[in-house]
Amino acid sequence: MEAHSGGSKDPGKQGPEKKNFLWIKQGLDPKSGYVIFEHDLKYRGQSIFDTGHRVYAFLKKKGLSWQQVVDMDLSMEYLVIRVPPGEEDRTLGRILGYGFPEHMVYYIFKAEEV
């Protein structure tokens with residue numbers, strides 16, 4: 001899975017990957033942690049992961065990489081954020097403070113301990 005980070009690529013110009021949740025899970029590096037947000041496009045019809053959202057300034061400031069993924073078959077979109085091992089819960093808490101809707105579903109994938 002190719003991820004974006006604050007300085008490497010402009011995710012707004014790249015656009016989201018048109019894949020599915022299984023593709024996301026298969027692409028996760030077990031040495032890293034991840035916070036994945038899921039949004040049902042049937043609920044609100046349009047993306048809530050607009051690159052103008054203030055959460056992206058936080059991601060850039062922290063040097064975190066991310067990827068937007070859209071599952072066209074299920075009308076779902078995902079924001080996959082790669083975080084340092086052990087920082088999954090704290091990063092989730094910080095991101096939730098940036099104004100995502102209450103109905104937002106999220107997943108945490110903890111890094112494997114080595």
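What you see is a predicted model, and the numbers here were worked out from it, not measured in a lab. Counting begins at 1 with the first residue of the sequence.
- K42 has a carboxylate O that lies under 4.0 Å from a charged side-chain N of D40, or vice versa, which qualifies the two as a salt bridge.
- The shortest side-chain heavy-atom distance between I36 and I81 does not fall under the 4.5 Å cut-off.
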Please output the side-chain donor-acceptor pairs of residues 91-98 that fall under 3.5 Å, not counting sequence neighbours, one pair per line with the distance.
| from | atom 1 | to | atom 2 | distance (Å) |
| --- | --- | --- | --- | --- |
| T91 | OG1 | E87 | O | 2.7 |

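- Of all heavy-atom pairs between S47 and D50, the closest is OG-N, 4.0 Å.
- Placement of V80 and M72 in two distinct hydrophobic clusters is found when ILVMFWY residues are connected by side-chain heavy-atom separations under 4.5 Å, directly or transitively.
- Taking 4.5 Å as the limit, every side-chain heavy atom of V70 sits out of range of all side-chain heavy atoms of S75.
- Residues L79 and Y56 are in side-chain contact: their nearest non-hydrogen atoms beyond the backbone lie under 4.5 Å apart.
- Counted by atom type alone, Y107 and E38 present one or more donor-acceptor pairs between their side chains at under 3.5 Å.
- R82 and S65 form no side-chain donor-acceptor contact under 3.5 Å, judged by distance and modelled atom types alone.
- If you chain together hydrophobic residues whose side chains sit under 4.5 Å apart, V69 and L41 never meet in one group.
- Not counting sequence neighbours, the partners of L74 by the side-chain contact (heavy atoms from CB on, under 4.5 Å) test are D71, M76.
- A single hydrophobic cluster is seen to contain both M104 and V83, as judged by linkage of ILVMFWY side chains at heavy-atom distances under 4.5 Å, directly or through other members.
- Atom NZ of K110 sits in a crowded spot, with more than 12 heavy atoms from other residues, nucleotides or ligands closer than 6.0 Å.
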Stepwise side chain to side chain contact (heavy atoms under 4.5 Å, CB included) test for F49 and E77: CA-CA 8 Å; F49 300 135; E77 68 174 341; 3.4 Å; yes
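- Between F100 and H39, the gap from one ring centroid to the other reaches at least 6.0 Å.
- With E17 contributing its side chain and Q68 its backbone, the two residues share no donor-acceptor pair below 3.5 Å.
- Taking hydrophobic clusters as Ile, Leu, Val, Met, Phe, Trp and Tyr residues chained together by side-chain heavy-atom distances below 4.5 Å, V55 shares a cluster with I108.
- For Q67 (side chain) and Y78 (main-chain N/O), no donor-acceptor pair under 3.5 Å exists by modelled atom type.
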